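In what follows, every heavy atom counts, from backbone to side chain, and hydrogens, waters and symmetry copies are set aside. Bear in mind the structure is a predicted one, so any value in this text is a computation, not a measurement. The chain is numbered in sequence order, starting from 1.
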Amino acid sequence: MKAALSGLLAALAAAAALAQPVARLLFRDVTREAGITFQHHAAPEKKYIVESMSGGVALFDFDNDGLPDIYFVDSLTVETARDPQAARSALYHNLGHGRFEDVTDKAGIGHPGWGMGVCTADVDGDGWEDLYVTGLGGNHLYRNNHDGTFGDVTGRAGLAGGGWSTGCGFADYDRDGKPDLFVSRYVKIDLEHLPEFGKGKTCEYRGIAVQCGPRGLPGEGDLLYHNEGNGHFTEVGARAGVSDPRGYFGLGVAWFDANEDGWPDLYVANDSTPSFLYLNQKDGTFKESAFPMGVAVSEDGAEQGGMGVAVGDYDNSGRFSLFKTNFSEEYNDLYHNDGDHFTDVSFRSKTAPSSLPYVGWGTAFLDYDDDGLLDIIAVNGHVYPQLDKARLGASAPYRQRRLLYHNRGDGTFDEVSAEFGPVLTEERVSRGLAVGDLDNDGRLDVVVNDLDGGAQVLHNELEGAGHWLLVKLKGKGGNTDALGAVVTVRAGGRRLMRLVRSGTGYLSQDDMRAHFGLGAAAQADSIEVRWPDGTSSRMDEVRADRLLEIDQPR
């Protein structure tokens with residue numbers, strides 16, 4: 001009788017399991033088997049705003065072997081601020097076959113101080129990627145020595161900055177053939193005289209004591225460095241009109257051509273203040289136009305806690321739109337580029353409601369299933385660990401899940417994280433995110449730098465994904481990355497457009513190679529490149545499912 005009952009219970013359990021929907025495998029967490037052991041050094045209580053913001057990550061091929069490597073930014077705490085060795089940023093060399101090797105010590109880029117963000121570019125035009133790391137109290141330009149090591153040339157280059165630098169991105173804003181650099185900055189902080197935890201109007205959240213800021217703290221202006229071409233940069237932010245003299249709280253940055261005039265414009269996501277859109281005037285200056293262009297605030301005119309920003313042509317309209325992550329209860333913005341202005345379509349696109357409980361950080365447009373439509377990913381995590389103890393009911397916890405939006409192709413998205421199992425729904429405290437094809441298999445992978453806990457490498461293993469192309473550009477002259485180039489692929493009746501840019505998401509750097517999902521199309525009818533200097537080149541009838549390198553014609 002007992003054996004029969006046990007058998008019946010086992011059969012019922014099996015039937016119940018079969019009745020449950022089986023999650024499809026999209027991303028598999030391969031961090032441990034890949035050899036990634038990086039862990040961010042964070043203060044447990046986050047009593048000060050400087051302890052709750054760090055965490056950029058970069059995907060870049062530092063040794064030119066055709067495989068993206070990974071650099072994670074670490075930060076100090078108020079307690080360890082006097083000991084730069086207490087934090088260790090990490091460089092992992094991609095060995096292929098899913099394995100990485102920690103080469104930080106050999107490379108010499110492990111201790112940039114109180115690190116925040118990272119961006120990459122071939123700064124000196126020698127064909128090798130250099131690394132720029134932002135932080136509190138000084139930034140660092142690491143020049144690639146071509147032998148697996150980097151040299152700190154910050155002083156010689158004039159790029160130390162200072163203050164609390166956050167986002168960064170290289171672009172040839174004056175089209176002279178050399179990559180220039182923009183650096184956003186956040187708030188003015190004196191580590192010897194920090195605001196007292198929980199004391200004051202801006203040090204409270206829903207009646208509980210928390211860290212102070214950014215509201216109530218003085219902001220920092222931003223920096224624009226012009227590349228003089230001799231290894232030195234000149235700071236020209238005020239002259240160019242992008243210095244932010246009012247001191248808004250700058251975080252994520254994005255260079256892209258917003259008005260389709262062939263010149264790079266600049267978007268800056270500001271926290272708790274209106275964001276900026278600087279339109280390039282083609283004479284070395286910019287005009288701040290975020291309000292008339294519709295990308296300064298929310299649909300109802302409210303200032304938001306802008307964190308990360310992504311650029312992409314998600315509806316294949318031939319224009320680049322913007323996605324911006326914000327603080328909880330503010331919703332993430334999807335700004336559609338209508339040509340002469342942007343429209344906030346966050347609720348119309350169905351991306352806004354699911355984002356309301358969360359504090360968003362790293363984000364990207366990506367075609368995760370290679371169907372020819374750009375999807376959206378955003379990682380989340382609060383800034384107040386005190387929330388969990390306070391038990392505020394419906395309020396989102398300190399640790400938060402990720403958001404993945406599948407593009408339906410009609411201007412709307414479905415939030416589908418739960419369809420792909422616990423890798424995306426597990427609650428974590430994430431900051432930086434970078435997207436790229438780590439193994440050149442045509443499916444985009446995701447790397448996340450968490451503030452509390454270890455980093456994650458998520459390998460895309462989706463079955464039944466479409467055909468694809470991965471395009472690497474090589475520009476002529478000093479801009480060998482072809483920063484600002486636009487690649488357009490026509491395939492299967494669609495026109496797909498991608499932008500080559502430095503500085504992505506939240507203080508991070510995506511793989512610069514342009515990825516295209518082609519769906520059922522086994523070839524691209526054409527590939528057209530609009531190079532940064534305005535010239536163009538074209539290829540016809542290109543076979544799919546391969547990495548293609550295109551050199552700018554000379």
*All salt bridge (Lys or Arg N to Asp or Glu O under 4.0 Å) counterparts of Glu426, not counting sequence neighbours*: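 Result, salt bridge (Lys or Arg N to Asp or Glu O under 4.0 Å) vs Glu426: Arg428.
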*Check salt bridge (Lys or Arg N to Asp or Glu O under 4.0 Å) between Glu33 and all other residues, then give those that pass, not counting sequence neighbours.*
Arg28
Would you indicate whether the side-chain heavy atoms of [Y] and [X] approach each other to under 4.5 Å?
| X | Y | result |
| --- | --- | --- |
| Met307 | Asn380 | no |
| Ile49 | Trp164 | yes |
| Leu366 | Ile377 | yes |
| Leu438 | Val447 | yes |
| Tyr248 | Val268 | no |
| Pro68 | Asp61 | no |
| Asp333 | Leu322 | no |
| Arg82 | Leu191 | no |

Hey, are [X] and [Y] close enough for a salt bridge, meaning a charged N less than 4.0 Å from a carboxylate O?
| X | Y | value |
| --- | --- | --- |
| Lys46 | Asp452 | yes |
| Arg88 | Asp105 | yes |
| Glu101 | Lys106 | no |
| Arg443 | Glu461 | no |
| Lys350 | Asp414 | no |

Listed partners of [X] passing ring-ring contact (aromatic ring centres under 6.0 Å, His included), at least two apart:
| X | result |
| --- | --- |
| His336 | Tyr314 |
| Phe365 | none |
| His515 | none |
| Phe62 | His93 |

Would you please name every residue forming a side chain to side chain contact (heavy atoms under 4.5 Å, CB included) with [X], sequence neighbours left out?
| X | answer |
| --- | --- |
| Phe197 | Lys47, Ala209, Gln386 |
| Arg546 | Leu469, Val542, Arg543, Leu548 |
| Asp122 | Asp124, Asp126, Glu129, Asp130, Thr480, Asp481 |
| Ala107 | Leu91, Ile109, Phe150 |

Examine distances only and state if a side-chain atom of [X] and a backbone atom of [Y] form a donor-acceptor pair shorter than 3.5 Å.
| X | Y | answer |
| --- | --- | --- |
| Thr363 | Gly308 | no |
| Thr80 | Leu76 | no |
| Asp511 | Val435 | no |
| Gln456 | Asn449 | no |
| Glu51 | Gln211 | no |
| Asp369 | Ala465 | no |
| Asp313 | Phe320 | no |
| His406 | Phe413 | no |
| Ser321 | Asn337 | yes |
| Asn332 | Gly360 | no |

Return the minimal non-hydrogen interatomic distance between [X] and [Y], and the atom names on each side.
| X | Y | result |
| --- | --- | --- |
| Asp29 | Val423 | N-CG2, 4.2 Å |
| Asn139 | Leu159 | CB-O, 3.8 Å |
| Gly381 | Arg431 | O-NH1, 3.3 Å |
| Phe249 | Pro214 | CZ-O, 3.4 Å |
| Tyr267 | Val295 | OH-O, 2.9 Å |
| Ser75 | Gly115 | CB-O, 3.3 Å |

Quiz: residues 36-44 side-chain donor-acceptor pairs under 3.5 angstrom, not counting sequence neighbours:
{"from": "Thr37", "atom 1": "OG1", "to": "Tyr92", "atom 2": "OH", "distance (Å)": "3.3"}
{"from": "His40", "atom 1": "NE2", "to": "Ser54", "atom 2": "OG", "distance (Å)": "3.3"}
{"from": "His41", "atom 1": "ND1", "to": "Asp74", "atom 2": "OD2", "distance (Å)": "2.5"}

With no hydrogens and no angle check, do the side chains of [X] and [Y] hold a donor and an acceptor under 3.5 Å apart?
| X | Y | value |
| --- | --- | --- |
| Asn270 | Ser275 | no |
| Thr166 | Ser184 | yes |
| Asn460 | Tyr368 | no |

Nearest-0.5 Å distance that lies between atom [atom1] in [X] and atom [atom2] in [Y]:
| X | Y | atom1 | atom2 | answer |
| --- | --- | --- | --- | --- |
| Leu223 | Ser165 | CG | OG | 6.0 Å |
| Asp375 | Arg408 | CG | CZ | 12.5 Å |
| Phe182 | Leu266 | CZ | CG | 5.0 Å |
| Arg401 | Tyr358 | CZ | OH | 4.0 Å |

*asked:* Checking Ser502 against Trp255 for the side chain to side chain contact (heavy atoms under 4.5 Å, CB included) test, could you report, in this order, the C-alpha distance in whole Å, the side-chain angles of both residues, the deciding distance, and whether it holds?
replied: CA-CA 8 Å; Ser502 165; Trp255 286 101; over 6 Å; no
_What verdict does the side chain to side chain contact (heavy atoms under 4.5 Å, CB included) test give for Tyr71 and Thr120, after you've listed the backbone C-alpha separation in whole Å, the side-chain angles of each residue and the deciding distance to 0.1 Å?_
CA-CA 10 Å; Tyr71 183 75; Thr120 67; over 6 Å; no
*Can you list every pair that meets disulfide (SG to SG under 2.5 Å) and has a residue in residues 77-120, with sequence neighbours left out?*
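Every pair satisfying disulfide (SG to SG under 2.5 Å) with a residue in residues 77-120: Cys119-Cys168.
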*Are Phe347 and Tyr331 an aromatic pair by the rule of ring centers under 6.0 Å?*
yes
*Should Leu458 and Val30 be marked as a side chain to side chain contact (heavy atoms under 4.5 Å, CB included) after you check the CA-CA gap, both sets of side-chain angles, and the distance that decides it?*
CA-CA 6 Å; Leu458 306 180; Val30 298; over 6 Å; no
*Stepwise, does the side chain to side chain contact (heavy atoms under 4.5 Å, CB included) test hold for Leu251 with Met53?*
CA-CA 10 Å; Leu251 290 172; Met53 306 289 289; 4.0 Å; yes
